[in-house]
J.: 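Got a structure here, written out as structure tokens. Questions coming.
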There are 2 protein chains.
Amino acid sequence: MSYLENENEEEKQKAAYDIKKYRTPDGAPADIVMFTLTKRERKTVTKTLPIRELKVMLIKRRRWPFAGKWALPGGFCNVNESMYGAAKRELMEETGVDGGHLEYLGVYSKPGRDPRGWIISHAFFALVEEWMLEHRQAADDASEVGLFTVKEALEELDLAFDHHDIIADAYQRIQYQMLETTIAKQFLPRHFTLSELYQVIQSVVPDFEEPNFIRKITSTRSRQGIIEEVRDENGKPLSSNQYSQRPAQLYRFTDLVPRLSIYT
Amino acid sequence: MSYLENENEEEKQKAAYDIKKYRTPDGAPADIVMFTLTKRERKTVTKTLPIRELKVMLIKRRRWPFAGKWALPGGFCNVNESMYGAAKRELMEETGVDGGHLEYLGVYSKPGRDPRGWIISHAFFALVEEWMLEHRQAADDASEVGLFTVKEALEELDLAFDHHDIIADAYQRIQYQMLETTIAKQFLPRHFTLSELYQVIQSVVPDFEEPNFIRKITSTRSRQGIIEEVRDENGKPLSSNQYSQRPAQLYRFTDLVPRLSIYT
DNA sequence: TAAATAGTGTCTATCAGACAGTATGAA
DNA sequence: TTCATACTGTCTGATAGACACTATTTA
């Protein structure tokens, strides 16, 4: 039973509604902070871990506004898609790949942030693999593509719009998530050694230090937990000596979603 | 040095830019999930804790669309304010109070979510005190105001728009935050007993159970930590027998921001 | 054999978890 | 005195953190 007296009243109100009575936004783009963890083999005598560095992908704007400045890749949302859909489409256009981790970051709506008008931007962050960024085709409103360390992007570049703030926020978010969730798996092969895991964490959260890392993660939490040893069909532990002389046990993430609490 | 050949080129591009080339959104409202923890004294012989219940404030819509249905309070963002500013203004209009915890939740943009057109909604959640909701004045597009338990709101009411999803997401978020951050302080007086804290946590996260709660929180983490005993000017511990026969030690939250990690 | 990384032994202090027992003040 | 709530004692097994030690491979 409707609150309105009758259907007729509803129709009348609907007809009287004027969507253009107030000023409306001039656009709602999705901007994406695309993080990748580069992996560069070291040319040393002995086997060793590759150098991993967290980088962010930027494009140089060709047009007004902020022509010539580095900016986040992004594009306007269409009427028939959700913001997440727009971001997914953008990510696909930039990488040519439909995959990877894509997550909403927040809204950026400070008045005056875009000289084109009232533009409410939606930031996402994506975790992609390095090779995904190589197939990129220069889009219409962009020219060069660059991969920068987060430090470079935040401290050395003169970024377009409020993209400096967005990248800073995204960096903070990814650091939290690296420690509180299992997103490390986005940056690792399916099977990995504990040194690799440790290195991945450190390359995203430089302050992270845990002298007894292996001991700790293999003893308690993880054994009931978030990672597990990889074994072959006979139950024999699998190891790899790709990055070390002595072969190291391989691990994989389980599907367990860790829940943290400050009260337990 | 500019990427453009000269200032003239920039002016030309700017003049040629047509903001109305594409269809633009019809509005960007901020909708607020206002949580409050009601506190009802029990009429018992002996002193006891009040009953606390997590509730959400809804208003009954008077106009099309969804006239007669319960909905989140909210309103459209203006061109000269940020989304957060719009939410803050809404919160002020609804409660008459400029305070409390207000936090961004996310964007809701599924095509067709609003029959008025292309309306991209921004959800916030607020933690307010019960008395703040009493001074509310009926706004133009709303009539009744209601306080519902989250369970009622999610399971029994037929809500407007996609507000069911929004409330569900907000509920999940507040549950995480209750366990991972110190937002419990938003629901407690400045000085509180550990039973009160325990009760607040449980009223937001019903599954939370910790038999040795007092022991745990007073021994380790908290002693270096998130809460501390309240003492008078002579260093004598302060206690309260407001809710119990035997007076209980009072505590307060410190300014420490807890950092959790699955790897330590 | 030396070098490099992986992993274990071992020790101590602390913590978790259980549960019985004591303390305080109101009814 | 009884009752309700607030603690404390005490025990066991697990964990954290440090650091020396052993293991496995390559050069």
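Per chain, numbering begins at 1; letters A, B, ... match sequence-line order.
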J.: Whole Å only: how far is the CD atom of B:Q242 from the P atom of D:dA6?
T.: 12 Å

J.: Taking atom P of D:dA6 as reference, at what distance in whole Å does atom OH of B:Y251 sit?
T.: 12 Å

J.: Any salt bridge between B:E90 and B:K88, counting N to O under 4.0 Å?
T.: no

J.: Could you state the CZ-P distance from A:R42 to C:dT5, rounded to the nearest angstrom?
T.: 8 Å

J.: B:E209 has an atom CD; how far is it from atom C1' of C:dA18, in whole Å?
T.: 14 Å

J.: Quiz question: by atom type and distance under 3.5 Å, do the side chains of A:D31 and A:Y108 form a donor-acceptor pair?
T.: no

J.: Just N and O in the side chain of A:T48: are any of them under 4.0 Å from OP1 or OP2 of C:dT5?
T.: yes

J.: Generate the contact string for nucleotides 19-27 of chain C. Rules: B means base contact, S means sugar-phosphate contact only, - means no protein heavy atom under 4.0 Å.
T.: B---BBBSS

J.: For B:S195, report the nucleic acid contact type (base, sugar-phosphate, nothing); a contact means any heavy atom under 4.0 Å.
T.: sugar-phosphate

J.: To the nearest 0.5 Å, how far apart are CG in A:L54 and CZ in A:F35?
T.: 5.5 Å

J.: Are B:Y251 and B:H191 linked by a side-chain donor-acceptor pair shorter than 3.5 Å?
T.: no

J.: Please state how far atom CG in A:L49 lies from atom P in C:dA4, giving the value in whole angstrom units.
T.: 14 Å

J.: Using a 4.0 Å heavy-atom cut-off, does A:T193 contact any base of the nucleic acid, only the sugar-phosphate backbone, or nothing at all?
T.: nothing

J.: Distance check needed: D:dA18 P versus A:I214 CD1, whole Å only.
T.: 16 Å

J.: Distance check needed: D:dA14 P versus A:K216 NZ, whole Å only.
T.: 18 Å

J.: Just checking, is any N or O donor in the side chain of B:E209 or B:Q202 under 3.5 Å from an acceptor N or O on the other one?
T.: no

J.: Please give, in whole Å, the distance from C:dA6 P to A:F213 CZ?
T.: 12 Å

J.: May I ask you to check whether A:F253 and A:F192 place their ring centres under 6.0 Å from each other?
T.: yes

J.: Determine the interplanar angle of the A:F213 and B:Y263 rings, folded into 0 to 90°, and report it as parallel if under 30°, tilted if 30 to 60°, perpendicular if over 60°.
T.: tilted

